[in-house]
Amino acid sequence: MTVPAGGSTPADNPPPPRRMSEASWPEGTRDSDGVVPVLSRVAHDRAHLSRTLPDPTGGRPVRVLTVDGKRTVPVAEGPDGPRLVWDEQPELPLGAVFLGEADGVPYAAVRGERSLTVNGRPVDTWTGLRELGAELPDLDAGLLVEAIGILEWHERNRFSPLSGAPTLIERHGWVQRDPTTGTEVFPRTDPAVIMLVHDGGDRVVLGRQAVWPPGRFSILAGFVEPGESAEAAVAREVAEEVGLRVRDIRYVTSQPWPFPQSLMLGFVARADGGDELRLDPDEIEEARWFTRAELRAGEGPRALPPPVSIARHILDRWMAGDFG
């Protein structure tokens, strides 16, 4: 499609067919709860020193989470919401990755196949982190993010980047070793910036990619390049995607995003100068300024990022007046 130089207009993005209440969000999605993004919650000790021991569990029974090839996990629905179904094992299974412990109980994760039960316990559904993360309690949420992230690293890094030789797994899943050079290879994380651009008043820039569901808009984002600070990446990405200069770049919070191995660094920034949007058609299909009133009334995008995303967390905080 052809996008005008100034970005899309309200006419390009008609409101939902029914008017929402002042407290509602498009498509009935709830806001993001808590003082941190939902995937940044943690209630367990990673027990990193235990990874160097022959048995990091100390001989205790271990709870093991199975992650299938589609990155979904077993879930049981309870009166307080969904819970992960852990496999109670007398010892750490071969090939499992040690995740840490909580309240004296060790936890681990392993790749496996779907089943209707886990060690005799019924499974209601197999669900992914994107759909499940915001609904889990802190302990399950933190362990699941860690499990998905470390298992993704193993799936994508089976050979040494130095020699191409198959690596040896050490420290209960937290190190891969090149057998020819002896070099240790550690899990990697790719830094990415995600930023809410505002005008210092009541407007915010939201954009959408063509691959997203129809009507969904979000704040802007991009990867940090080699030799670049996070703040410089914010300024560069905003200029590239919507043609704005920004100032007052401020760090807000961060969230792991293991799809497959990113760490999202959240910022807010103020547009500097004009507010005309010049879009990069390879990055952004549509973008425009939205007001708080439009978003509160459900008269803006038909869909916003779900509560599981840091984008929604930052946008909700801007709506609450936490930023300029």
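Please read these numbers as outputs of a predicted model, since none were measured by experiment. All residue numbers in this chain count up from 1 along the given sequence.
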*Please walk me through it: do Val73 and Leu132 pass side chain to side chain contact (heavy atoms under 4.5 Å, CB included)?*
CA-CA 10 Å; Val73 293; Leu132 186 66; 4.1 Å; yes
*Are the side chain of Gln89 and the backbone N or O of Val64 linked by a donor-acceptor pair below 3.5 Å?*
no
*Is Arg247 reaching over with its side chain to a backbone N or O of Gly273, donor-acceptor style, under 3.5 angstrom?*
no
*Which atom names give the shortest non-hydrogen contact between Trp318 and Gly201, and what distance separates them?*
CZ2-O, 4.4 Å
_If you define the side chain from C-beta out and look only at heavy atoms, does anything of Val110 sit under 4.5 Å from Thr66?_
yes
_Within one Ile-Leu-Val-Met-Phe-Trp-Tyr cluster: Phe223 and Ile219, side-chain cutoff 4.5 Å_ = no
*Passes side chain to side chain contact (heavy atoms under 4.5 Å, CB included), Asn157 versus Gln261? Steps please.*
CA-CA 12 Å; Asn157 298 271; Gln261 54 197 25; 4.3 Å; yes
*In Å and rounded to the nearest 0.5 Å, what is the CE to CD1 distance from Met195 to Ile249?*
9.0 Å
*asked:* Is there a path of hydrophobic side-chain contacts, each under 4.5 Å between heavy atoms, that joins Tyr107 and Phe98?
replied: no
_Check: Asp140 side chain, Arg83 main-chain N or O, donor-acceptor pair, under 3.5 Å_ = no
*When hydrophobic residues are tied together by side-chain contacts of less than 4.5 Å, even through go-betweens, does Trp86 share a cluster with Val105?*
yes
_Restricting to non-hydrogen atoms, name the atom on Gly274 and the atom on Leu244 that form the minimum distance, rounded to 0.1 Å._
O-CD2, 3.5 Å
*Indicate yes or no: at least one non-hydrogen side-chain atom of Val62 is less than 4.5 angstrom from one of Pro93.*
yes
*asked:* Nearest 0.5 Å, please: how far is CD in Glu225 from CD in Glu237?
replied: 7.0 Å
_I need the minimum non-hydrogen distance between Trp174 and Phe186, along with the two atoms involved._
O-CD2, 4.0 Å
*Is it true that Arg158 and Glu155 have a side-chain N and a carboxylate O under 4.0 angstrom from each other?*
yes
*Kindly indicate, with the supporting measurements, whether the criterion side chain to side chain contact (heavy atoms under 4.5 Å, CB included) is fulfilled by Gln176 and Ile169.*
CA-CA 5 Å; Gln176 296 185 29; Ile169 308 302; 3.6 Å; yes
*asked:* Can you pull out every salt bridge (charged side-chain N to carboxylate O under 4.0 Å, His left out) where at least one residue sits in residues 118-131? Sequence neighbours excluded, please.
replied: none
_Is it the case that the side chain of Arg60 and the backbone of Gly104 share a donor-acceptor pair, with hydrogens and angles ignored and the cut-off at 3.5 Å?_
yes
Side chains of residues 141-153: which donor-acceptor partners sit under 3.5 Å, not counting sequence neighbours?
| residue | atom | partner | partner atom | Å |
| --- | --- | --- | --- | --- |
| Glu146 | OE1 | His44 | NE2 | 2.7 |
| Glu152 | OE1 | Arg71 | NE | 3.1 |
| Glu152 | OE1 | Arg71 | NH2 | 3.4 |
| Glu152 | OE1 | Arg156 | NE | 3.3 |
| Glu152 | OE2 | Arg71 | NE | 2.7 |
| Glu152 | OE2 | Arg111 | NH2 | 3.1 |

*Give the intermediate values and the outcome of side chain to side chain contact (heavy atoms under 4.5 Å, CB included) for residues Phe267 and Val193.*
CA-CA 7 Å; Phe267 291 84; Val193 291; 3.9 Å; yes
_So, taking the atom named CG in Leu162 and the one named OG1 in Thr181, what distance separates them when rounded to the nearest 0.5 Å?_
5.0 Å
*Roughly how far, to the nearest 0.5 Å, is the CG atom of Leu263 from the CZ atom of Arg188?*
13.0 Å
*At their closest point, which heavy atom of Pro82 faces which heavy atom of Val75, and how far apart are they?*
CB-CG1, 3.6 Å
*Flag the pair Leu304 / Arg312 as yes when at least one side-chain heavy-atom distance between them is below 4.5 Å, and no otherwise.*
yes
_Donor-acceptor contact present, side-chain Ser163 to main-chain Ala165, <3.5 Å_ = yes
*Partners of Asp248 by side chain to side chain donor-acceptor pair (under 3.5 Å), sequence neighbours excluded?*
none
*Rounded distance [0.5 Å steps], CD in Glu240 versus CG in Asp282*: 11.0 Å
*Would you say Leu168 and Val97 are hydrophobically clustered, going by side-chain heavy atoms of ILVMFWY under 4.5 Å?*
no
_Flag side-chain contact, heavy atom, 4.5 Å: Leu84 against Arg63_ = no
*In Å, rounded to the nearest 0.5 Å, how long is the span from CG of Leu295 to CZ of Phe217?*
11.0 Å
*Looking at side-chain heavy atoms only, is the closest gap between Arg250 and Arg270 below 4.5 Å?*
no
*Without swapping roles, check the side chain of Arg177 against the backbone of Gly182 for a donor-acceptor pair under 3.5 Å.*
yes
*May I ask you to test the Glu286-Trp212 pair for a side-chain heavy-atom distance under 4.5 Å?*
no
*So, the side chain of Arg296 versus the backbone of Met319: is there a donor-acceptor pair under 3.5 Å, distance only?*
yes
*Out of curiosity, does Ile284 fall in the hydrophobic cluster containing Val234 (side-chain heavy atoms, cut-off under 4.5 Å, transitive links)?*
yes
_Note, Ile314 side chain near Phe323 side chain (heavy atom, < 4.5 Å)_ = yes
*Keeping the roles fixed (side chain from His172, backbone from Leu53), state whether a donor-acceptor pair exists under 3.5 Å.*
yes
*Taking Ser262 for its side chain and Met264 for its backbone only, find out whether a donor-acceptor pair lies under 3.5 Å.*
no
*Write down the atom of Ser115, the atom of Trp126, and the distance for their closest heavy-atom approach.*
O-NE1, 2.9 Å
*asked:* On a heavy-atom basis, which atom in Val224 and which in Ala230 lie closest, and how many Å separate them?
replied: CG2-CA, 4.4 Å
_Polar side-chain atom of Gln255 near backbone of Val308 as donor-acceptor pair, under 3.5 Å_ = yes
_Is any side-chain heavy atom of Val242 closer than 4.5 Å to one of Val197?_
no
